[in-house]
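This report refers to the structure that appears directly beneath it.
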Number of protein chains: 2
Amino acid sequence: MSIEVIFGKVLRNIREDKKLSQEQLAHLSELDRTYISLLERGKRRPTINTLFALCKPLGLKPSEFLGEIEKEL
Amino acid sequence: MSIEVIFGKVLRNIREDKKLSQEQLAHLSELDRTYISLLERGKRRPTINTLFALCKPLGLKPSEFLGEIEKEL
DNA sequence: ATAGTCTACGGACTATAGTCTACAAAGGGA
DNA sequence: TCCCTTTGTAGACTATAGTCCGTAGACTAT
């Protein structure tokens, strides 16, 4: 499975664990809601800056996020 | 310091530790040499796919790479 | 029914990631 | 001196990251 699809699954899992809507995460990470949707569906490849922006409100380190992706590769 | 500048420093450190030229790393990671140069100088924000492509020939996990960045933030 | 929340998705748009070619400059070694 | 390797950088280009507008469908609760 591609990196971006796995990225999307991990993002969605973590977001739902935190009981956040896409809209809320978008606001907290200062990204667009439709873009969060695209990411979760594996339609976009985020930059590392975007990864950091997402991880901040989710309360985990970017390295931990990538660790989750590596598990599934 | 910005994420991309730190990214560049970490990339250069690791590449030089491995005794690779930008040209060699570019070939191994299937990226352009001038782009490696831009990255090392903090002029570009790589996608996570690019990060994975760079880490593979450098022999370290993307999560480890980001861990180095987090240390300096 | 209907109002509210959440998400998928489309189109149009701007900014930038990433490629390619070419040239300049610095350094080391024969 | 003259190569040779390495890196910076510019310009032009294509692909895609990321925004912003709108609409529609699923679901829940009232």
Side-chain angles (χ1 to χ4, degrees), chain A residues 1-63 65-66 68-70 72-73, chain B residues 1-63 65-66 68-70 72-73:
Chain A
M1 199 160 15
S2 69
I3 292 171
E4 57 268 27
V5 168
I6 296 175
F7 179 92
K9 291 179 183 292
V10 171
L11 176 59
R12 176 160 294 180
N13 283 340
I14 297 173
R15 177 180 63 81
E16 292 181 343
D17 279 354
K18 303 287 179 183
K19 313 286 189 197
L20 291 173
S21 67
Q22 290 181 349
E23 176 96 38
Q24 290 173 321
L25 176 57
H27 180 251
L28 292 170
S29 57
E30 297 180 284
L31 290 167
D32 195 80
R33 187 190 64 74
T34 64
Y35 184 58
I36 305 287
S37 174
L38 288 168
L39 284 176
E40 289 189 352
R41 286 176 288 127
K43 303 296 187 186
R44 287 294 186 278
R45 303 171 172 190
T47 64
I48 57 170
N49 293 65
T50 298
L51 172 61
F52 274 75
L54 287 168
C55 282
K56 195 168 179 179
L58 291 174
L60 82 166
K61 296 178 183 174
S63 58
F65 196 114
L66 285 200
E68 294 300 314
I69 294 177
E70 289 158 7
E72 308 211 21
L73 273 176
Chain B
M1 199 160 15
S2 70
I3 292 170
E4 56 269 26
V5 168
I6 296 174
F7 178 92
K9 291 179 183 294
V10 171
L11 176 58
R12 176 159 295 180
N13 284 341
I14 297 173
R15 176 179 62 81
E16 292 181 342
D17 279 355
K18 303 287 178 183
K19 313 287 187 197
L20 292 173
S21 67
Q22 290 180 352
E23 177 96 38
Q24 291 171 320
L25 176 57
H27 180 250
L28 292 169
S29 57
E30 298 181 281
L31 291 166
D32 195 80
R33 186 192 64 77
T34 65
Y35 184 58
I36 305 286
S37 174
L38 288 168
L39 284 177
E40 289 189 353
R41 285 176 290 126
K43 304 296 188 187
R44 287 293 185 279
R45 302 172 172 188
T47 63
I48 56 170
N49 293 66
T50 299
L51 172 61
F52 275 76
L54 287 168
C55 282
K56 195 168 178 178
L58 291 174
L60 82 167
K61 295 178 183 175
S63 58
F65 196 114
L66 284 201
E68 293 300 314
I69 294 177
E70 289 159 9
E72 307 212 22
L73 273 176

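When reading the values below, keep in mind they use all heavy atoms of this one structure, side chains included, and skip hydrogens, waters and symmetry mates. Computed from a prediction, not measured in an experiment: that's the story for all the values here. The sequence lines fix the lettering, A, B, ..., with proteins before strands; numbering per chain opens at 1.
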How sharply is the helix from C/dA1-D/dT30 to C/dA30-D/dT1 bent, taking the axes over five pairs at either end and rounding to 10 degrees? 40°
Please name the pair of heavy atoms, one in B/Glu68 and one in B/Val10, separated by the smallest distance, quoted to 0.1 Å. CB-CG1, 3.9 Å
Could you give the CG-to-C1' distance, from B/Asp32 to D/dT9, as a whole number of Å? 13 Å
In short, A/Arg45 meets B/Thr47 closest at the heavy-atom pair O-CG2, 3.6 Å
Each nucleotide of nucleotides 3-10 of chain C classed B (base within 4.0 Å of a protein heavy atom), S (only sugar-phosphate) or -, in 5' to 3' order, makes ----BBB-
Atom CD of A/Glu30 and atom C1' of D/dA17 are separated, to the nearest Å, by 17 Å
For D/dG18, does OP1 or OP2 lie under 4.0 Å from any side-chain N or O of A/Thr47? yes
Enclosure of B/Glu16 CD (heavy-atom neighbours >12, cutoff 6.0 Å): yes
Donor on one side chain, acceptor on other, A/Thr34 and A/Ser37, under 3.5 Å: no
Between atom CG in A/Leu31 and atom C1' in D/dC20, what is the gap in whole Å? 14 Å
For residues A/Glu4 and B/Asn49, report the shortest heavy-atom separation together with the two atoms involved. OE1-ND2, 3.1 Å
Integer-rounded Å distance: D/dC20 C1' and A/Arg44 CZ: 13 Å
B/Ile48 atom CD1 is separated from D/dT16 atom P, nearest whole Å, by 15 Å
Donor-acceptor under 3.5 Å (A/Arg33 side chain, A/Gln22 main chain): no
Atom CZ of A/Arg45 and atom P of D/dA15: how far apart are they, to the nearest Å? 14 Å
Shortest non-hydrogen separation from B/Leu58 to B/Lys18 and the atoms involved: O-CE, 2.9 Å
Find the distance B/Tyr35:OH to D/dT16:P and express it as a whole number of Å. 13 Å
Would you confirm whether B/Glu70, through its side chain, and A/Ser63, through its main-chain N or O, come within 3.5 Å as a donor-acceptor pair? yes
Using a strict threshold of under 4.0 Å (side-chain N to carboxylate O), is an ion pair present between A/Lys9 and A/Glu72? no
